[in-house]
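Following: one structure in structure tokens, then a few remarks.
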Protein chains: 2
Amino acid sequence: MILSIDFNSDEAIYMQLRNQIIFGIATEEIREGDSLPSVRQLAEDVGINMHTVNKAYSVLRSEGFLKLDRRYGAVIALDINKIQAIEDLKNEMRVILAKAICKNVTEQEAHAMVHQIYSDILD
Amino acid sequence: MILSIDFNSDEAIYMQLRNQIIFGIATEEIREGDSLPSVRQLAEDVGINMHTVNKAYSVLRSEGFLKLDRRYGAVIALDINKIQAIEDLKNEMRVILAKAICKNVTEQEAHAMVHQIYSDILD
DNA sequence: GTGTCTGTTATATAAATAGTATAACAAACA
DNA sequence: TGTTTGTTATACTATTTATATAACAGACAC
């Protein structure tokens with residue numbers, strides 16, 4: 001799995017890592033039980049500090065994507081709380097769809113976008 | 001228009017204001033040409049600093065929701081750049097849908113959610 | 001003109017967050 | 001025994017967030 005950082009992005013480095021790893025899981029590039037590089041290894045690979053990677057891993061653990069183990073390092077372990085996931089999604093969608101509605105994006109266009117993203121990720 | 005701040009939220013105050021004003025525009029509670037309270041007035045009303053309101057207004061202006069005028073204060077003025085809006089929406093949706101997919105949220109469920117949010121906001 | 005209301009700009013300060021740097025610890029294991 | 005793992009601690013810098021005070025110029029009512 002290739003992880004790359006845009007140091008000019010306004011998005012925090014640990015969030016860029018977090019998002020890319022979530023994409024990797026969604027696309028099944030990495031699966032339940034797979035190990036991620038150790039915090040030190042990944043930090044060296046992408047040229048950032050160990051603690052920044054550790055923060056990304058900690059966020060992913062608290063969000064139910066990872067298990068951190070002294071023996072095996074960071075292991076993909078999905079905690080599927082669908083009620084929570086739907087609640088989170090709804091809250092996040094409300095804000096970005098409200099913005100889209102102000103800009104005259106139609107419901108049809110939003111549906112088309114959801115469909116395309118699902119296809120991009122799953123196919 | 002009622003604006004309220006949750007001081008215990010992890011979301012920045014100026015972003016809470018920004019989001020609530022976007023909701024107000026989406027629901028047509030406030031419309032093109034309507035004025036928002038002055039930075040000083042709103043700051044006093046919700047009990048925050050003038051500069052925090054000013055930052056919210058500045059963000060809204062740069063995102064194409066407001067026009068700031070010395071005579072009339074902050075006036076709703078939508079700059080509809082639909083290409084940009086769709087691009088923004090797609091990028092924001094990609095992240096939250098990737099997360100949802102990891103948690104087994106189906107495309108059907110995502111569509112239902114989009115439909116419900118559009119209905120909630122527009123009806 | 002005077003006073004008052006706009007947004008705007010400039011400083012200063014405090015707190016929190018983000019990122020880096022170095023170091024040490026205990027568990028696991030070859 | 002030595003190495004690797006996550007974990008924790010401390011320290012430092014930079015940026016962001018929020019507050020506080022102050023001043024400025026344009027607009028406008030009196």
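A note on names: the letters A, B, ... follow the listed sequences, proteins ahead of strands, and every chain is numbered from 1. In this text, all values refer to a predicted model and were calculated from it rather than measured experimentally.
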Could you give all pairs that pass the ring pair (Phe, Tyr, Trp, His ring centres under 6.0 Å) test and reach residues 46-95 of chain A, with sequence neighbours left out?
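Sorted result for residues 46-95 of chain A: empty, none.
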Quick one: which residue pairs count as a ring pair (Phe, Tyr, Trp, His ring centres under 6.0 Å) with a foot in residues 92-114 of chain A, not counting sequence neighbours?
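Checked against ring pair (Phe, Tyr, Trp, His ring centres under 6.0 Å) - neighbours excluded - the pairs reaching residues 92-114 of chain A are A:His111-B:His111.
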For B:Arg71, report the nucleic acid contact type (base, sugar-phosphate, nothing); a contact means any heavy atom under 4.0 Å.
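The residue B:Arg71 makes sugar-phosphate contact but no base contact.
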Give every residue pair that meets the salt bridge (charged side-chain N to carboxylate O under 4.0 Å, His left out) criterion with at least one member in [range], sequence neighbours excluded.
{"range": "residues 8-27 of chain A", "answer": "A:Arg18-A:Glu63"}
{"range": "residues 100-118 of chain B", "answer": "A:Lys82-B:Glu109"}
{"range": "residues 71-80 of chain A", "answer": "A:Asp69-A:Arg71"}

How close or far is atom P of C:dA18 from atom CG of B:Asp10, stated in whole angstroms?
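Whole-Å distance recorded here is 10 Å.
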Round to a whole Å and report the spacing from CG of B:Asn8 to P of C:dA15.
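Checked: the CG to P distance equals 18 Å.
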Please list all pairs meeting side-chain hydrogen bond (donor to acceptor under 3.5 Å, both in side chains) that have one or both residues in residues 89-100 of chain A, counting only residues at least two apart or in different chains.
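side-chain hydrogen bond (donor to acceptor under 3.5 Å, both in side chains) check on residues 89-100 of chain A returns A:Asn91-A:Arg94.
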Per the side-chain hydrogen bond (donor to acceptor under 3.5 Å, both in side chains) rule, what does the pair list look like for residues 20-43 of chain B, sequence neighbours excluded?
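Listed once each, the pairs are B:Gln41-B:Asp45.
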What's the shortest heavy-atom distance between A:Ala98 and B:Ile22, and which atoms?
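Here A:Ala98 and B:Ile22 meet closest at C-CG2, 3.8 Å.
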Sorted by number, the residues of residues 58-69 of chain B with heavy-atom contact under 4.0 Å to DNA chain C
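B:Arg61, B:Leu68, B:Asp69 - these, ordered by number, are the residues of the stretch whose heavy atoms sit under 4.0 Å from the strand.
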Residues forming a side-chain contact (heavy atoms from CB on, under 4.5 Å) with A:Ala12, sequence neighbours excluded
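side-chain contact (heavy atoms from CB on, under 4.5 Å) check on A:Ala12 returns A:Tyr14, A:Met15.
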Sugar-phosphate atoms are those with a prime plus P, OP1 and OP2; base atoms are the rest. Using that split, label each nucleotide of nucleotides 10-20 of chain D B, S or - for protein heavy atoms under 4.0 Å, 5' to 3'.
-------SSBB
Return the residues of residues 31-45 of chain A meeting this criterion: a heavy atom under 4.0 Å from some atom of DNA chain D. Order them by number, or give none.
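Those residues whose heavy atoms fall under 4.0 Å from DNA chain D, taken from residues 31-45 of chain A in numerical order, are A:Ser38, A:Val39, A:Arg40.
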Could you go through residues 116-123 of chain A and list every donor-acceptor pair under 3.5 Å that involves a side-chain atom there, pairing it with any protein atom two or more places apart or in another chain?
{"unit_1": "A:Tyr118", "atom_1": "OH", "unit_2": "B:Val105", "atom_2": "O", "d": "2.7"}
{"unit_1": "A:Tyr118", "atom_1": "OH", "unit_2": "B:Thr106", "atom_2": "O", "d": "3.2"}
{"unit_1": "A:Ser119", "atom_1": "OG", "unit_2": "A:His115", "atom_2": "O", "d": "3.0"}

